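Step one of this worksheet: look at the structure below.
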Amino acid sequence: MKPRPPQLISARRLKQRIKALGKKISRDYRRRDLVLIGVLKGSFVFLADLVRSLSVPVALDFVQVSSYGASTASSGVIKIKKDVDLPLVGKDVLIVEDIVDYGYTLDYLRRFLKNKKPRSVKICALLDKPSRRKVRVPLAYKGFTVPDKFIIGYGLDYNEKLRALPYIGTL
Ligand code: IMP
Ligand code: MG
């Protein structure tokens with residue numbers, strides 16, 4: 001059997017934090033027209049738990065981006081691989097991302113989605129890794145701050161591996 005990667009955030013803490021985030025988002029988006037946009041692929045586990053912690057109606061869509069560079073870091077050159085399908089005009093968009101590292105991905109996505117004329121665009125990131133930040137991105141909702149380590153599990157991968165790990169770990 002392979003050794004399990006060291007744990008940084010337990011499944012229990014993830015559950016508690018996401019419940020609290022869901023409550024806050026539900027309060028803030030009452031009587032709004034909320035569309036959650038998951039950033040594929042890393043956000044899929046977080047997004048699945050987050051939607052089930054909401055008490056307001058919500059529509060879902062997805063984007064996928066590619067960033068050219070080493071596999072463990074983004075280069076700042078971002079391209080849209082998969083656009084959203086829903087029209088976002090007048091909607092309250094909340095981008096759901098797994099982790100913010102340099103900030104290039106979310107900085108790009110925020111601008112890209114703003115061009116579709118939604119009423120608002122905000123960001124909900126499960127993890128914030130502020131140590132290497134290159135561009136400022138406003139995080140309206142944030143789960144945890146993590147140290148400058150390579151993070152895996154709960155949707156986050158290393159070369160497509162370890163996404164299914166039920167906790168947040170480090171390599
Ligand atoms: P940024 O543009 O550097 O903020 O990159 C963010 C993206 O890089 C995230 O959506 C992740 O896909 C990936 N990423 C950054 N740090 C990690 C990590 O520690 N583990 C797994 N993926 C990461
Ligand atoms: Mg990602």
Side-chain angles (χ1 to χ4, degrees), residues 2-11 13-15 17-18 21-22 25 35-51 53 60-86 88 93-116 118 121-171:
K2 276 190 194 165
R4 307 255 289 166
Q7 181 173 284
L8 195 63
I9 304 166
S10 69
R13 278 180 75 204
L14 285 165
K15 194 176 172 181
R17 186 75 191 115
I18 291 163
L21 284 175
I25 293 168
V35 183
L36 292 191
I37 300 190
V39 185
L40 293 170
K41 302 174 199 173
S43 72
F44 84 106
V45 180
F46 175 42
L47 182 69
D49 282 343
L50 187 66
V51 287
S53 75
L60 276 189
D61 210 333
F62 295 93
V63 284
Q64 187 166 19
V65 299
S66 58
S67 64
Y68 294 98
S71 64
T72 59
S74 64
S75 61
V77 185
I78 314 281
K79 273 195 176 176
I80 298 288
K81 259 196 192 167
K82 188 228 167 283
D83 199 346
V84 292
D85 297 319
L86 298 176
L88 299 180
V93 166
L94 185 58
I95 306 172
V96 179
E97 173 65 305
D98 52 2
I99 185 167
V100 198
D101 186 9
Y102 290 110
Y104 294 135
T105 306
L106 281 172
D107 182 61
Y108 179 88
L109 271 179
R110 209 161 65 96
R111 291 166 207 272
F112 176 78
L113 293 172
K114 272 189 175 173
N115 273 332
K116 297 180 187 284
V121 178
K122 289 194 171 175
I123 296 169
C124 175
L126 178 64
L127 305 174
D128 182 14
K129 190 158 78 177
S131 40
R132 301 199 296 176
R133 193 66 34 85
K134 297 274 192 246
V135 285
R136 209 193 127 261
V137 273
L139 303 181
Y141 308 94
K142 160 168 121 175
F144 302 89
T145 300
V146 292
D148 187 11
K149 289 188 174 153
F150 198 79
I151 309 292
I152 42 82
Y154 199 72
L156 290 92
D157 73 306
Y158 175 66
N159 289 340
E160 294 301 324
K161 289 191 198 71
L162 297 167
R163 290 193 196 277
L165 206 64
Y167 59 87
I168 293 286
T170 52
L171 273 192

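Just so you know, these numbers come straight off a predicted model, no measurement behind them. Note that ligands are numbered from 1 as they come in the structure, with each ligand's atoms numbered from 1 the same way.
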For [X], is the nearest heavy atom under 4.0 Å from an atom of ligand 1?
X	answer
Asp157	yes
Gly103	yes
Lys149	yes

Within the distance-only criterion (no hydrogens, no angle test), does the side chain of [X] pair as donor or acceptor with the backbone N or O of [Y] below 3.5 angstrom?
X	Y	answer
Ser43	Phe46	no
Arg136	Asp107	no
Arg133	Val100	yes

Check Val51 against Ala48 and note the closest heavy-atom contact, atom names and distance.
CG2-O, 3.4 Å
Just go through Val135, Val100, Leu127, Thr105 and tell me whose heavy atom is the nearest to atom 6 (C) of ligand 1.
Thr105
Closest to atom 21 (C) of ligand 1 by heavy-atom distance, out of Ile151, Thr170, Ile78, is Ile151
Which atoms of ligand 1 have any heavy atom of Glu97 under 4.0 Å away?
9 (C), 10 (O)
So the atoms of ligand 1 within less than 4.0 Å of a heavy atom of Leu156 turn out to be 20 (N), 21 (C)
So, using side-chain contact (heavy atoms from CB on, under 4.5 Å) as the criterion, who are the partners of Asp85 when residues are at least two apart?
Asp61, Lys82
The side chain to side chain donor-acceptor pair (under 3.5 Å) partners of Arg163 (sequence neighbours excluded) come to Asp157, Glu160
Under 4.0 Å, heavy atoms only, figure out whether ligand 1 is touched by the backbone of Arg132, its side chain, both or neither.
neither
